[in-house]
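The analysis underlying the following values was restricted to heavy atoms, covering all of them including side chains, and did not include hydrogens, waters or symmetry mates. Computed from a prediction, not measured in an experiment: that's the story for all the values here.
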Amino acid sequence: QPSGPGVFELGAQSGRWAAFQERHRLSCEETARLLLDTYEYRGLVKHTGGCHCGAIRFEVWASADLHVFNCNCSICTKKQNRHFIVPASRFKLLKGADNLTTYTFNTHRAQHTFCKTCGVQSFYTPRSNPDGYGIAPHCLDDGTVQTIVTEDINGKEWEKAVKEHKTIRDMSKP
């Protein structure tokens, strides 16, 4: 029986572990990742989504009940950019990094990423939360969102709005 870092004794659960792996055709590492993802993000669901053409795909752990911001700043108004914010640790780009391009303006802190092929922005790095992601709920696959509550935010007066908002800066904290 091997021993050392990363090796653990499953005891009576070893049969369940092996059966689960076999039933789902998962490696030991994939099974452990699934277990850790479930444990780490308890109370959250894994949403998947992407752009229109499918070149960009991502997964994000967030509540099934989304708190979406409707910003009236110049770019959000023109793009109809409604988004919810998550920490970077809850976001994973599954494919398409080479098909993303970025637009910035003004302070250049917000990184407006979009697909080079279809032009859809399914996520971006918001100025308010440069350590997180703003996710477009309309780019999520069907089946994981229960409710959406929309909050208007006055992006035309961005500094004032973010200073007065009680929680927006903390939304990207793990």
Side-chain angles (χ1 to χ4, degrees), residues 33 36-174:
R33 180 170 184 241
L36 290 170
D37 283 348
T38 302
Y39 180 76
E40 287 176 349
Y41 299 121
R42 185 175 288 162
L44 304 178
V45 297
K46 181 169 41 173
H47 303 279
T48 56
C51 66
H52 185 260
C53 71
I56 310 299
R57 294 294 299 161
F58 64 88
E59 67 182 33
V60 60
W61 286 90
S63 173
D65 302 305
L66 301 178
H67 182 121
V68 172
F69 290 100
N70 181 31
C71 180
N72 68 351
C73 78
S74 61
I75 194 164
C76 287
T77 297
K78 289 193 181 283
K79 291 189 312 176
Q80 293 296 292
N81 179 30
R82 292 175 186 87
H83 59 278
F84 61 97
I85 299 171
V86 297
S89 63
R90 293 189 189 157
F91 176 87
K92 181 178 180 183
L93 183 61
L94 300 174
K95 81 173 198 175
D98 57 334
N99 210 51
L100 286 171
T101 193
T102 303
Y103 172 71
T104 65
F105 67 101
N106 193 11
T107 66
H108 302 281
R109 290 199 58 193
Q111 303 290 306
H112 297 275
T113 50
F114 58 96
C115 176
K116 290 178 186 178
T117 304
C118 66
V120 169
Q121 175 183 289
S122 50
F123 64 89
Y124 80 110
T125 304
R127 180 177 170 193
S128 63
N129 295 79
D131 53 347
Y133 288 94
I135 310 297
H138 52 274
C139 289
L140 297 178
D141 298 334
D142 291 338
T144 54
V145 176
Q146 288 181 356
T147 63
I148 296 178
V149 173
T150 303
E151 176 184 356
D152 290 337
I153 190 154
N154 186 6
K156 288 181 180 178
E157 298 178 272
W158 190 88
E159 288 81 6
K160 179 182 176 190
V162 170
K163 183 179 177 184
E164 291 175 356
H165 198 280
K166 304 289 186 222
T167 60
I168 196 166
R169 287 195 185 265
D170 293 331
M171 291 182 154
S172 59
K173 304 292 184 255

Engineer: How would you list all residue pairs meeting ring-ring contact (aromatic ring centres under 6.0 Å, His included) that involve residues 136-162, not counting sequence neighbours?
Structural biologist: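 Listed by first then second residue: nothing to list.
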Engineer: Anything under 30° is parallel, anything over 60° is perpendicular, the rest tilted; go ahead and classify Phe58 against Phe123.
Structural biologist: perpendicular
Engineer: Roughly how far apart are Glu159 CD and Ser128 OG, rounded to 0.5 Å?
Structural biologist: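 Interatomic distance, Glu159 CD to Ser128 OG, rounded to 0.5 Å: 11.5 Å.
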Engineer: What verdict does the side-chain contact (heavy atoms from CB on, under 4.5 Å) test give for Cys115 and Ser122, after you've listed the backbone C-alpha separation in whole Å, the side-chain angles of each residue and the deciding distance to 0.1 Å?
Structural biologist: CA-CA 8 Å; Cys115 176; Ser122 50; over 6 Å; no
Engineer: Evaluate side-chain contact (heavy atoms from CB on, under 4.5 Å) for His47 paired with Ile135, printing each intermediate quantity in order.
Structural biologist: CA-CA 10 Å; His47 303 279; Ile135 310 297; over 6 Å; no
Engineer: What residues form a side chain to side chain contact (heavy atoms under 4.5 Å, CB included) with Phe69, not counting sequence neighbours?
Structural biologist: His67, His83, Ile85, Glu151, Ile153, His165, Ile168, Met171
Engineer: List the atom of Leu66, the atom of Pro137, and the distance in Å for their closest heavy-atom pair.
Structural biologist: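 So the two residues come closest at CD1-CB, 4.0 Å.
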Engineer: Is it the case that over 12 heavy atoms from other parts of the model lie below 6.0 angstrom from the NZ atom of Lys116?
Structural biologist: yes
Engineer: Please list, chain by chain and in numerical order, all residues satisfying side chain to side chain contact (heavy atoms under 4.5 Å, CB included) with Arg109, sequence neighbours excluded.
Structural biologist: Thr107, Arg127, Pro130
Engineer: Could you tell me whether a side-chain N or O of Asn72 sits under 3.5 Å from a main-chain N or O of Gly155, the two making a donor and an acceptor?
Structural biologist: yes
Engineer: Are any non-hydrogen side-chain atoms of Val60 and Leu140 less than 4.5 angstrom apart?
Structural biologist: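 In contact.
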Engineer: Any side-chain heavy atom of Ile75 sitting closer than 4.5 Å to one from Lys78?
Structural biologist: no
Engineer: List the residues meeting side chain to side chain contact (heavy atoms under 4.5 Å, CB included) with His52, not counting sequence neighbours, and say none if there are none.
Structural biologist: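 Expected list: Cys118, Val120.
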Engineer: Assess whether side-chain contact (heavy atoms from CB on, under 4.5 Å) is satisfied between Thr113 and Ile56, documenting all intermediate values.
Structural biologist: CA-CA 11 Å; Thr113 50; Ile56 310 299; over 6 Å; no
Engineer: Heavy atoms only: give me the nearest Asn129-Thr125 pair and the separation to one decimal.
Structural biologist: O-CG2, 4.2 Å
Engineer: Kindly compute the distance separating CG (Asp152) from SG (Cys71), expressed to the nearest 0.5 Å.
Structural biologist: 9.5 Å
Engineer: Checking Lys95 now: which residues fulfil side chain to side chain contact (heavy atoms under 4.5 Å, CB included) with it, not counting sequence neighbours?
Structural biologist: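 With neighbours one apart ignored, the set is Arg57.
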Engineer: State the CG-CD distance between Asn154 and Glu164, to the nearest 0.5 angstrom.
Structural biologist: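 The distance works out to 9.0 Å.
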Engineer: Side chains of Thr150 and Asn70: is there a donor and an acceptor less than 3.5 Å apart?
Structural biologist: no
Engineer: Which atoms form the tightest heavy-atom contact between Phe84 and Ala62, and what is the distance?
Structural biologist: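 Closest approach of Phe84 to Ala62, heavy atoms only: CE1-CB, 3.7 Å.
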Engineer: Mind checking whether Tyr133 and Tyr124 have ring centres under 6.0 Å apart?
Structural biologist: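 Not under 6.0 Å, so no.
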Engineer: Throw together a table of side-chain donor-acceptor distances under 3.5 angstrom for residues 96-104, partners on residues two or more places apart or in other chains.
Structural biologist:
residue: Asn99; atom: ND2; partner: Thr117; partner atom: OG1; Å: 3.1
residue: Thr104; atom: OG1; partner: His108; partner atom: ND1; Å: 2.6

Engineer: Would you call Cys139 and Cys51 a side-chain contact if the rule is heavy atoms closer than 4.5 Å?
Structural biologist: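 They are not in side-chain contact.
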Engineer: Could you tell me whether Glu59 and Lys46 make a salt bridge, using a distance below 4.0 angstrom between a side-chain N and a carboxylate O?
Structural biologist: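 Yes, charged N to carboxylate O under 4.0 Å.
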